[in-house]
S.K.: 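My questions will all concern the structure given below.
All values below come from the heavy atoms of this structure, side chains included, with hydrogens, waters and symmetry mates left out. In what follows, residues are counted from 1 in the order of the sequence shown. Given the structure is predicted, the values throughout are model-derived calculations rather than measurements.
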Amino acid sequence: MSGHGTPIPMTSRKSGPLSGVASVPGDKSISHRALIFGAMAVGETKITGLLEGQDVLDTAKAMQALGADVVDHGAGEWSVHGVGVGGFSEPDNVIDCGNSGTGVRLIMGCVATSPFAVTFTGDASLNKRPMGRVTDPLALFGTTSVGRSGGRLPLTLVGTGDATPVEYTTPMPSAQVKSAVLLAGLNAPGKTVVIEKEATRDHTERMLRGFGAEVVTEKVAEGYKITLTGRPELKPQVVAVPRDPSSAAFPVCAALIVEGSDILVPGVSQNTTRNGLYTTLVEMGADITFENPREEGGEPVADLRVKYSQLKGIEVPPARAASMIDEYPVLSVVASFATGTTVMKGVKELRVKESDRIDAMARGLEKCGVKIEEDQDTLIVHGCGPKGVKGGATCATFIDHRIAMSFLVMGMASNEPVSVDDGSPIATSFPVFETLMAALGASIQRTNR
């Protein structure tokens with residue numbers, strides 16, 4: 001699969017019980033950060049379990065373009081010979097981040113306080129996404145940027161060699177924005193402060209501490225205050241990347257809705273800033289057992305035993321949105337097979353992901369016979385019950401990997417097959433999705449137009 005090439009239509013059909021072990025790939029968020037922080041350390045960082053999806057590979061190429069020595073040793077093992085904080089060099093060409101919003105926004109942060117210009121671009125989906133949410137706070141350090149209307153890519157960021165530390169309150173819950181500011185603060189003197197009203201995924205803070213930076217998180221009246229002391233010497237690390245809870249969501253949710261299923265998903269991150277989906281599924285009545293809890297690579301993990309379940313609709317608290325923002329598409333599929341109504345509020349951030357995910361899911365669910373309601377910040381799914389989803393439609397993916405995988409999961413339990421117009425973006429985050437699901441017993445085929 002390629003997230004940038006010819007569309008690959010795919011069809012998913014009703015499956016028998018899913019069974020077996022689903023060893024999902026490494027965490028995408030942590031994989032990006034391992035490469036970036038390794039490039040900013042002095043010496044060799046060794047990484048195991050790296051997600052080798054296109055998004056992460058594009059970040060690896062970007063670190064090479066900025067002067068780091070990045071080597072693929074095979075089987076998810078990589079090494080990065082870093083150049084130190086402030087040691088990046090001006091790239092010879094445009095940095096192409098493909099489909100990755102995480103990649104481009106974090107890389108913008110790490111070059112913002114270097115005295116040269118970098119031009120960023122991406123695929124058709126990424127070039128539609130707003131970058132002002134990152135370039136605005138980076139301007140406080142002294143950077144300037146020029147892009148297309150609305151602050152969209154292609155965009156040139158002109159860094160500063162005379163950075164000043166900043167204090168910034170994020171206007172929306174976004175780990176990408178928080179991380180970009182903290183990365184820029186690494187090469188600024190003094191203390192850079194980020195205040196967020198709601199806690200977002202904290203991989204950046206955890207990993208920066210592991211690499212030797214001084215990062216302090218405090219609960220304050222405004223929410224959470226993260227303080228970074230600038231210009232540390234980051235020390236190279238051995239990073240074991242845990243398995244991605246966002247990728248694990250797809251086999252987990254498929255097992256919950258395909259009658260008779262019983263699967264094991266080993267080593268999944270249980271970071272509390274990422275596990276909102278699993279909390280929600282248990283509240284809906286999901287039979288999920290969290291076995292062998294332990295720590296890997298500085299992150300809590302567990303093995304998930306998942307069995308088919310009779311699910312009920314619930315109201316998902318808006319405060320949980322930040323911990324499961326990428327999982328709402330597949331949750332809306334699960335909600336379609338539940339009894340009763342599932343209300344998802346506080347999800348407006350979905351409108352500016354790889355696609356407008358609220359609209360994409362709403363239109364596809366409707367085509368498959370599911371009644372939905374939506375507004376700018378809400379998606380409501382009226383469940384059809386465990387055997388009540390009609391299916392029988394071709395759903396548009398809008399170059400969005402999570403939309404594609406969500407509708408393919410739906411087809412595994414709906415009464416009629418469900419097709420997607422393009423499954424190629426799946427390679428950006430879950431390149432083994434087809435083979436892994438087939439090994440569990442799913443019936444997914446690439447289809448001709």
Side-chain angles (χ1 to χ4, degrees), residues 32-43 45 62-63 65-68 80-91 95 104-118 120 131-146 155-171 174-196 200 202-220 222-237:
H32 282 300
R33 288 163 173 82
L35 291 168
I36 292 170
F37 298 160
M40 300 181 79
V42 177
T45 288
M63 293 303 101
L66 291 166
V80 183
H81 293 263
V83 295
V85 171
F88 286 137
S89 54
E90 186 171 38
I95 299 287
V104 70
R105 291 177 177 135
L106 267 59
I107 297 167
M108 283 182 177
C110 72
V111 301
T113 45
S114 296
F116 50 75
V118 182
F120 296 91
M131 295 297 144
R133 57 177 52 195
V134 170
T135 57
D136 287 350
L138 294 182
L140 300 175
F141 289 94
T143 69
T144 58
S145 60
V146 179
L155 180 147
T156 297
L157 185 75
V158 182
T160 176
D162 187 26
T164 55
V166 306
E167 180 170 317
Y168 185 71
T169 300
T170 57
S174 171
Q176 294 176 2
V177 174
K178 171 180 67 177
S179 298
V181 175
L182 293 175
L183 285 168
L186 283 172
N187 198 33
K191 297 184 184 297
T192 290
V193 176
V194 178
I195 297 171
E196 52 181 6
T200 61
D202 63 353
H203 303 307
T204 294
E205 299 95 304
R206 284 174 178 263
M207 195 173 288
L208 279 175
R209 292 186 192 106
F211 274 80
E214 184 180 336
V215 184
V216 178
T217 301
E218 306 169 81
K219 184 75 172 71
V220 295
E222 301 93 329
Y224 297 88
K225 178 181 179 181
I226 304 102
T227 304
L228 167 78
T229 301
R231 295 187 173 163
E233 180 174 311
L234 299 184
K235 298 175 176 62
Q237 300 295 308

S.K.: Evaluate side chain to side chain contact (heavy atoms under 4.5 Å, CB included) for Phe141 paired with Thr192, printing each intermediate quantity in order.
M.R.: CA-CA 10 Å; Phe141 289 94; Thr192 290; 3.8 Å; yes
S.K.: For Phe211, is the NZ or CZ atom of Lys235 found under 6.0 angstrom from the centre of its six-membered ring and inside 45 degrees of the ring axis?
M.R.: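 Judged by the rule, Lys235 and Phe211 form no cation-pi pair.
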S.K.: Glu205 vs Ile226, test: side chain to side chain contact (heavy atoms under 4.5 Å, CB included). Steps then yes/no.
M.R.: CA-CA 8 Å; Glu205 299 95 304; Ile226 304 102; 3.9 Å; yes
S.K.: Checking side-chain polar atoms at under 3.5 Å, does Ser174 have a donor or acceptor matched by the opposite partner on Arg105?
M.R.: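 No - no donor-acceptor pair under 3.5 Å links their side chains.
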S.K.: Taking side chain as C-beta onward, heavy atoms only, is Phe120 less than 4.5 Å from Leu157?
M.R.: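 In contact.
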S.K.: Is the number of heavy atoms from other residues, nucleotides or ligands within 6.0 Å of CD (Glu214) greater than 12?
M.R.: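 No.
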S.K.: Taking the side chain as every heavy atom from C-beta outward, state whether Tyr224 and Asp202 have any pair of such atoms under 4.5 Å apart.
M.R.: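 A side-chain contact is absent here, since even the closest heavy-atom pair is not under 4.5 Å.
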S.K.: Please report the closest heavy-atom contact between Ala41 and Thr45, naming both atoms and the distance.
M.R.: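 Heavy atoms of Ala41 and Thr45 come nearest at CB-OG1, 4.4 Å.
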S.K.: Work out which heavy atom in Ala180 is nearest to a heavy atom in Leu138; give both atom names and the distance.
M.R.: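 In this case the closest contact between Ala180 and Leu138 is O-CD2, 3.8 Å.
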S.K.: List the atom of Ile95, the atom of Ala62, and the distance in Å for their closest heavy-atom pair.
M.R.: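 Nearest heavy atoms, Ile95 then Ala62: CG2-CB, 3.8 Å.
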S.K.: Any non-hydrogen side-chain atom of Phe116 less than 4.5 Å from a side-chain atom of Pro91?
M.R.: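 They are in contact (side-chain heavy atoms under 4.5 Å apart), so the answer is yes.
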S.K.: Let me know which of Thr204, Leu183, Val215 forms a side-chain contact (heavy atoms from CB on, under 4.5 Å) with Leu228.
M.R.: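 It is Val215, the one option of Thr204, Leu183, Val215 that forms the side-chain contact (heavy atoms from CB on, under 4.5 Å) with Leu228.
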S.K.: Taking the side chain as every heavy atom from C-beta outward, state whether Ile107 and Leu66 have any atom pair closer than 4.5 Å.
M.R.: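 They are in side-chain contact.
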S.K.: Determine, step by step, whether Leu155 and Met108 satisfy the side chain to side chain contact (heavy atoms under 4.5 Å, CB included) criterion, reporting the C-alpha distance in whole Å, the side-chain angles of both residues, the deciding distance to 0.1 Å, and the verdict.
M.R.: CA-CA 10 Å; Leu155 180 147; Met108 283 182 177; 3.8 Å; yes
S.K.: Looking only at side-chain N and O atoms, does Thr217 offer a donor or acceptor that is under 3.5 Å from a partner on Arg209?
M.R.: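 A donor-acceptor contact under 3.5 Å links the two side chains.
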S.K.: Are Met63 and Ile36 close enough that some pair of their side-chain heavy atoms sits under 4.5 Å apart?
M.R.: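 The answer is yes, as the side chains (C-beta and beyond) meet within the 4.5 Å cut-off.
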S.K.: Rounded to the nearest 0.5 Å, what separation is found between the NZ atom of Lys178 and the CD atom of Glu196?
M.R.: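 Lys178 NZ to Glu196 CD: 4.0 Å, rounded to 0.5 Å.
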S.K.: For Ser179 and Ala175, work out which heavy atoms get closest and say how close.
M.R.: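 Answer, listing the atom of Ser179 first, then Ala175: OG-O, 2.7 Å.
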S.K.: Would you say the side-chain atoms of Ser114 pair up with the backbone N or O of Gly159, donor to acceptor, closer than 3.5 Å?
M.R.: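 A pair under 3.5 Å: no.
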S.K.: Taking only residues two or more places apart in sequence, or in another chain, which ones meet Leu140 in a side chain to side chain contact (heavy atoms under 4.5 Å, CB included)?
M.R.: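 For Leu140, the residues satisfying side chain to side chain contact (heavy atoms under 4.5 Å, CB included) (neighbours in sequence not counted) are Val166, Tyr168.
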S.K.: To check you understand the geometry: which heavy-atom pair defines the closest contact between Ala112 and Ala184, and what is its length?
M.R.: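 Shortest heavy-atom separation between Ala112 and Ala184 comes out as CB-CB, 4.1 Å.
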S.K.: Taking the side chain as every heavy atom from C-beta outward, state whether Thr227 and Glu218 have any atom pair closer than 4.5 Å.
M.R.: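 Yes, at least one pair of side-chain atoms sits under 4.5 Å.
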S.K.: One pair to check against side chain to side chain contact (heavy atoms under 4.5 Å, CB included): Thr169 and Glu222. What are the steps and the verdict?
M.R.: CA-CA 9 Å; Thr169 300; Glu222 301 93 329; over 6 Å; no
S.K.: Of all the heavy-atom pairs spanning Ala117 and Thr156, show the shortest one and how long it is.
M.R.: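 In terms of heavy atoms, the two residues are closest at CB-CG2, 4.1 Å.
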S.K.: Can you tell if the side chain of Thr135 reaches within under 4.5 Å of the side chain of Thr143, non-hydrogen atoms only?
M.R.: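 The answer is no; the side chains never approach within 4.5 Å.
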S.K.: Under a 4.5 Å cut-off applied to non-hydrogen side-chain atoms, are Thr170 and Thr200 in contact?
M.R.: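 Side-chain contact under 4.5 Å: no.
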S.K.: Report the distance from atom CD of Gln176 to atom NE2 of His32, rounding to the nearest 0.5 Å.
M.R.: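 Between atom CD of Gln176 and atom NE2 of His32 there are 8.5 Å.
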